[in-house]
**Q** 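Sharing a structure here in C-alpha cells format.
Computed from a predicted model, the values in this text were never measured in an experiment.
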Amino acid sequence: MTSRAGNQRTWIITGASAGFGRAIAERAAGQGDNVVLAVRRPASVADLAAAHRDRVLVIEFDVCDTGRAGDVVRSALDRFGRVDVLVNNAGRGVVGAAEEVGEEELRASLELHLLGPAALVRAVLPFFREQKSGTIVQMSSQGGRISFPGVGAYSAGKFALEGWSEALAGEVAPFGVRVMLVEPSRFRTSFNAPDVLRFAGSSPVYAGVLGAVRDDMAGADGVQEGDPVRAAEIIVDLVAGEELPLRLPLGREAVERIGRSYRRGLDELERWAPTAHAADFPDAATSARPI
C-alpha cells in the first residue's frame, strides 16, 4: 500500500448524490482529499466530478448489489492507491405499521441499511488492516436508537446496523481501525421528499395511530432544522482528529430524544431489576466474560 501524502485522505462515500453524502463529499474534496462517489446515478454528481477532476472518481453502484462491493474498493485503490475512510451513507425511509409493511419492503430496508454497508466494510477491512489505519463512518439515525409507531421497518435496519457496528468497533480497534455511528435528527436533505420517502399502503385500522405520524413525516420536507453542510464539517473534522466517538447524535433533537430514551430505559431497568434477578439460579456464580 502507498503512504498517504501529508494529510490527504481517500474517501469512499455511498449515496453521495444529495444530502449528507453530497455535503461530506464536497467538504472532503474541497479540503484536498480524494473522494470516490459510489452512486446509482453518476449524472447526479457530474458537476462535483468536473470541479475536482483529479480528486473525484465516480462509480455507478447500487448498495444493495453486495456482490460488487469489492469492485468499488478495488477501483478506489487502482485510482488513488489507498482508502482511508468509508462512509456508508445511502439510505431511504419507509413509513407504515408493522402489519402494513410487507416482507419485500422490510427486506429491502434491511438490505439497504445493513447488508449493503456490511459488504463494503468486509471489502475494505483487509486493506485497512494492512495499512494499520482506517475510519468507518456509519450513517445511522436517531431512529437507530429509538423507534416509534410507523417507522419500525426503517428502524429495524438502523438498529441492526448499530448492533453490528458496535461489535465491529471492538473487533477492528486492535488494527488501528475506527468506527463512528452518526445518529442525526431531522436535517434538510431529500429524506422527506415526496419522491424519496416511501409510505406503505395505509389501513383504516391504524389511521388513528399513524395519521399524525404520516402527516408529520410528509410535511417535514424543506423545514428540517438540521443543516447538512454544518453536519458534514463536523464529521470530516472528527475523522481528521485523534478522538472519535463510537456514537454521535447529531442535532439538538437527536441529543434530546435519545437522552430521554436512555433515562427512560434506565428507570425501567432499575424498576424491574429485582424481578429479573429472580430468574437466576440462587446458588449460581456470577458470570465472567472476556469483554
Side-chain angles (χ1 to χ4, degrees), residues 11-15 20-21 24 38 63-70 72-73 76 83-92 106-147 151-184 234-235 238-239 241-250 254-255 257-259 261-266 268-269 276 286-291:
W11 300 64
I12 296 176
I13 305 173
T14 66
F20 289 119
I24 294 170
V63 172
C64 294
D65 187 1
T66 56
R68 291 195 57 235
V72 174
V73 175
V83 177
D84 299 286
V85 189
L86 168 65
V87 181
N88 278 311
N89 169 72
R92 188 171 192 175
L106 178 59
R107 190 182 300 276
S109 182
L110 294 172
E111 288 178 348
L112 179 59
H113 299 128
L114 173 64
L115 301 183
L120 282 164
V121 168
R122 289 195 301 269
V124 81
L125 270 181
F127 305 99
F128 280 180
R129 285 190 289 102
E130 182 181 343
Q131 66 195 24
K132 296 181 174 58
S133 67
T135 301
I136 298 164
V137 178
Q138 308 281 51
M139 296 300 295
S140 180
S141 167
Q142 63 177 336
R145 298 301 286 168
I146 58 176
S147 195
V151 299
Y154 176 74
S155 285
K158 294 301 188 180
F159 268 62
L161 178 69
E162 294 243 356
W164 188 86
S165 298
E166 184 171 337
L168 170 71
E171 294 162 2
V172 300
F175 305 105
V177 180
R178 309 180 300 171
V179 177
M180 178 170 68
L181 283 152
V182 182
E183 301 165 338
I234 292 170
I235 292 167
L238 281 172
V239 168
E242 293 296 323
E243 187 176 4
L244 194 76
L246 173 61
R247 286 184 168 87
L248 178 69
L250 206 54
V255 173
R257 288 169 68 97
I258 293 173
S261 175
Y262 286 160
R263 287 188 286 274
R264 285 195 304 270
L266 183 58
E268 188 171 43
L269 175 69
T286 301
S287 63
R289 301 256 184 157
I291 296 176

**Q** Decide yes or no for Leu114 and Trp164: does some side-chain heavy atom of the first lie under 4.5 Å from some side-chain heavy atom of the second?
**A** yes
**Q** Report the residues that fulfil side-chain contact (heavy atoms from CB on, under 4.5 Å) with Leu238, sequence neighbours left out, ordered by chain and then residue number.
**A** Met180, Ile234, Leu244, Pro245, Leu248
**Q** Between His113 (side chain) and Arg92 (backbone), is there a donor-acceptor pair under 3.5 Å?
**A** yes
**Q** Under a 4.5 Å cut-off applied to non-hydrogen side-chain atoms, are Leu161 and Pro117 in contact?
**A** yes
**Q** So, taking the atom named CG in Leu181 and the one named OG in Ser141, what distance separates them when rounded to the nearest 0.5 Å?
**A** 11.5 Å
**Q** Testing the 3.5 Å rule here: is there a donor-acceptor pair between the side chains of Glu162 and Ser140?
**A** yes
**Q** What I want to check is whether the side chains of Arg145 and Tyr262 have a donor and an acceptor closer together than 3.5 Å.
**A** yes
**Q** With a 4.5 Å limit on heavy-atom distance, are the side chains of Val83 and Phe127 in contact?
**A** no
**Q** Could you work out, with side-chain contact (heavy atoms from CB on, under 4.5 Å) as the rule, every residue matching Ile146, not counting sequence neighbours?
**A**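 side-chain contact (heavy atoms from CB on, under 4.5 Å) check on Ile146 returns Gln142, Arg257, Ser261.
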**Q** Specify the closest pair of heavy atoms between Pro249 and Ile258, including all atoms of both residues, with the distance to one decimal.
**A** CB-CD1, 4.1 Å
**Q** Using modelled atom types only, decide if a donor and an acceptor are shared between the side chain of Glu111 and the backbone of Val63 within a distance under 3.5 Å.
**A**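 Side chain of Glu111 to backbone of Val63, a donor-acceptor pair under 3.5 Å: no, none is there.
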**Q** CZ of Arg263 to CD of Glu268: how many Å apart, nearest 0.5 Å?
**A**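 If I round to the nearest 0.5 Å, the distance is 15.5 Å.
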**Q** To the nearest 0.5 angstrom, please state how far the CG atom of Leu86 sits from the CD1 atom of Ile13.
**A**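 With rounding to 0.5 Å, CG (Leu86) is 9.5 Å from CD1 (Ile13).
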**Q** What is the distance from atom OH of Tyr154 to atom OG of Ser109, rounded to the nearest 0.5 Å?
**A**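 The distance works out to 8.0 Å.
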**Q** Are any non-hydrogen side-chain atoms of Trp11 and Asp84 less than 4.5 angstrom apart?
**A**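 Side-chain contact under 4.5 Å: no.
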**Q** Could you state the interatomic distance from CD1 (Ile12) to CG (Asn89), rounded to the nearest 0.5 Å?
**A** 13.5 Å
**Q** Counting N and O atoms only, with roles assigned by atom type, does the side chain of Thr14 sit under 3.5 Å from a partner on the main chain of Ala90, one being a donor and the other an acceptor?
**A** yes
**Q** Taking the side chain as everything from C-beta on, heavy atoms only, tell me whether Val137 gets closer than 4.5 Å to Thr135.
**A**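 Yes - at least one pair of side-chain heavy atoms lies under 4.5 Å apart.
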**Q** For a 4.5 angstrom cut-off between non-hydrogen side-chain atoms, does Leu120 reach Ile136?
**A** no
**Q** Less than 4.5 Å apart, side chain to side chain, heavy atoms only: is that true for Leu250 and Ile235?
**A** yes
**Q** Taking salt bridge (Lys or Arg N to Asp or Glu O under 4.0 Å) as the definition, give me every residue that meets it alongside Glu166, ordered by chain and number, with sequence neighbours left out.
**A** Arg247
**Q** Is it true that a side-chain atom of Asn88 and a backbone atom of Gln138 form a donor plus acceptor pair closer than 3.5 Å?
**A**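 Not confirmed, Asn88 side chain does not pair with Gln138 backbone.
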